[in-house]
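Remember, it's 1-based here, ligands and their atoms both numbered in the order they're listed. If you read the sequence from its start, that first residue is 1, and numbering goes on from there.
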Amino acid sequence: MAKTALITGIRGQDGAYLAQLLLDKGYNVVGADRRSGGANYWRLKELGIYKDIKLEYMDLLELTNIIRSIEKIKPDEIYNLAAQSFVPTSFEQPMLTSEINAIGVLRLLEGIRQVNPSTKFYQASTSELFGRAHEIPQKETTPFHPRSPYGAAKLFGHWITVNYRESYRMFACSGILFNHESPLRGMEFITRKLAYAVASIHFGLQDKVVVGNLEAKRDWGFAKEYVEGMWKMLQLKEPDDFVLATGQTHSVREFIEAAFRVVGVHLVWEGSAMNTVGRCKKTGKTRVVVSPDFYRPAEVDLLLGSPLKAKEKLGWKPRVGFEQLVDMMVEADLKRLKKEI
Ligand code: NDP
Ligand code: GDP
């Protein structure tokens with residue numbers, strides 16, 4: 001009989017790719033969707049799977065709703081991808097972020113425990129747990145040191161998942177995923193913000209892009225590959241926690257340079273720190289401006305993950321490299337904008 005998976009955060013980047021993967025594997029996929037005004041299913045539509053998914057209204061803020069949904073759907077696997085996922089918003093809304101990203105995880109685990117403790121559970125943990133990183137590269141045993149309310153709330157989500165596994169023998173896994181991007185990434189994140197800006201600048205729709213800290217480094221991978229790792233974790237004999245990462249790191253500055261190169265623009269930099277500008281080498285036009293508006297109260301300077309354990313125990317490894325990822329994202333936005341104009 002086909003398995004049933006319940007995915008929270010179905011309207012997000014990972015929710016869409018995971019739904020596609022599980023449908024391909026023959027699962028019944030139910031998307032937990034909070035009722036919100038102007039609900040937008042563009043990602044599911046872009047992947048052509050909107051009609052193949054059942055939607056269930058379920059909000060991580062409401063335990064009774066979670067319990068009823070689990071009773072009704074009877075999922076074999078639950079993937080908790082829902083979150084307030086943007087770090088800067090977590091500084092503005094630390095309580096709401098914690099309600100969703102920390103207590104929301106507990107509500108789900110408690111729902112599973114009460115309704116059917118044999119339901120398998122995946123928790124979307126994050127490299128933001130490492131924050132001010134204690135070692136390079138970061139792996140499953142690296143101490144955590146979150147640098148934002150987002151990271152601190154996810155830390156609770158991570159440990160409560162471990163705790164329910166150890167206390168109640170639940171099949172609960174936590175995937176410590178490093179940044180993963182795609183053409184379906186939210187516009188507020190730096191990679192998609194840049195892909196879209198470069199495409200807009202290329203078509204003359206905007207002059208420049210305003211960004212924050214150029215020196216932060218991230219281990220950026222391709223989201224579609226990362227959701228495969230989530231599924232693999234839930235197919236193990238014993239539940240465990242895994243880092244998913246590429247093992248390579250690049251700065252925001254390098255991402256910007258690579259994104260502009262896709263449209264044939266070579267940047268030269270002038271100034272330093274918050275007074276930096278990036279100009280087109282050929283025309284001299286200013287294309288990048290740094291503003292304190294996009295700096296954070298506390299920064300995560302360097303993330304670089306080791307996917308070694310995932311390689312050995314899950315047989316998971318990333319294939320899409322940095323340049324290919326940047327290229328894919330800029331090309332996708334060029335294509336989208338070309339259709340619109
Ligand atoms: P997105 O921001 O694209 O998606 C998050 C989803 O969570 C949205 O669909 C949102 O719904 C939903 N959501 C928010 N609050 C609630 C709530 N109270 N109840 C129910 N649903 C809610 O994130 P990604 O797909 O990029 O990431 C998936 C998960 O992985 C997140 O938990 C994120 O924190 C984590 N993660 C992501 C990484 C990345 O690089 N992408 C790295 C490491 C971890 P709505 O559409 O209504 O806003
Ligand atoms: P995060 O790693 O989950 O916080 O993902 P983001 O894509 O939001 O940010 C990645 C890094 O880019 C962080 O170190 C940010 O400080 C840095 N950054 C620099 N400029 C910007 C910007 O304009 N927007 C965003 N979102 N991040 C920026």
Contact check, G175 vs ligand 1, heavy-atom distance below 4.0 Å: no
For atom 32 (O) of ligand 1, the option (of E181, H180, K154, R35) bearing the nearest heavy atom: K154
Ligand 2 atoms in contact with G212 (distance to a heavy atom under 4.0 Å): 19 (C), 20 (N), 21 (C), 23 (O)
More than 12 heavy atoms of other groups within 6.0 Å of K309 NZ: yes
Near-ring test F121/F171, centroid separation under 6.0 angstrom: no
Within reach of ligand 2, part of V252 (heavy-atom separation under 4.0 Å): side chain
Under-4.0 Å heavy-atom contact with ligand 1, by part of I100 that carries it: side chain
For ligand 2, the portion of N179 having any non-hydrogen atom under 4.0 Å away: side chain
Modelled atom types, side-chain donor and acceptor of W316 and E225, under 3.5 Å: no
Ligand-side contact atoms (ligand 1) for residue partner N179, heavy atom cut-off under 4.0 Å: 40 (O)
Min N/O separation I190 to ligand 2 under 3.5 Å: yes
W220 N/O under 3.5 Å from ligand 2 N/O: no
T191 N/O under 3.5 Å from ligand 2 N/O: no
Nearest heavy atoms of K139 and S306, plus distance in Å: CB-CB, 4.3 Å
Proximal candidate to atom 41 (N) of ligand 1 [heavy atom criterion; set R34, E188, R185, Q123]: R185
Geometric N/O contact R218 with ligand 2, under 3.5 angstrom: yes
From S36, S85, A124 - option closest to atom 30 (O) of ligand 1 by heavy atom: A124
Per-residue contact class, E128 against ligand 2 - non-hydrogen pairs under 4.0 Å: side chain
E299 neighbourhood, listing ligand 2 atoms whose heavy-atom distance to it stays under 4.0 Å: 13 (C), 14 (O), 15 (C), 16 (O)
Those atoms of ligand 2 less than 4.0 Å from some heavy atom in A216: 14 (O)
Selection from A83, G31, G12, A245 by shortest heavy-atom distance to atom 7 (O) of ligand 1: A83
F86, portion touching ligand 2 at heavy-atom distance under 4.0 Å: side chain
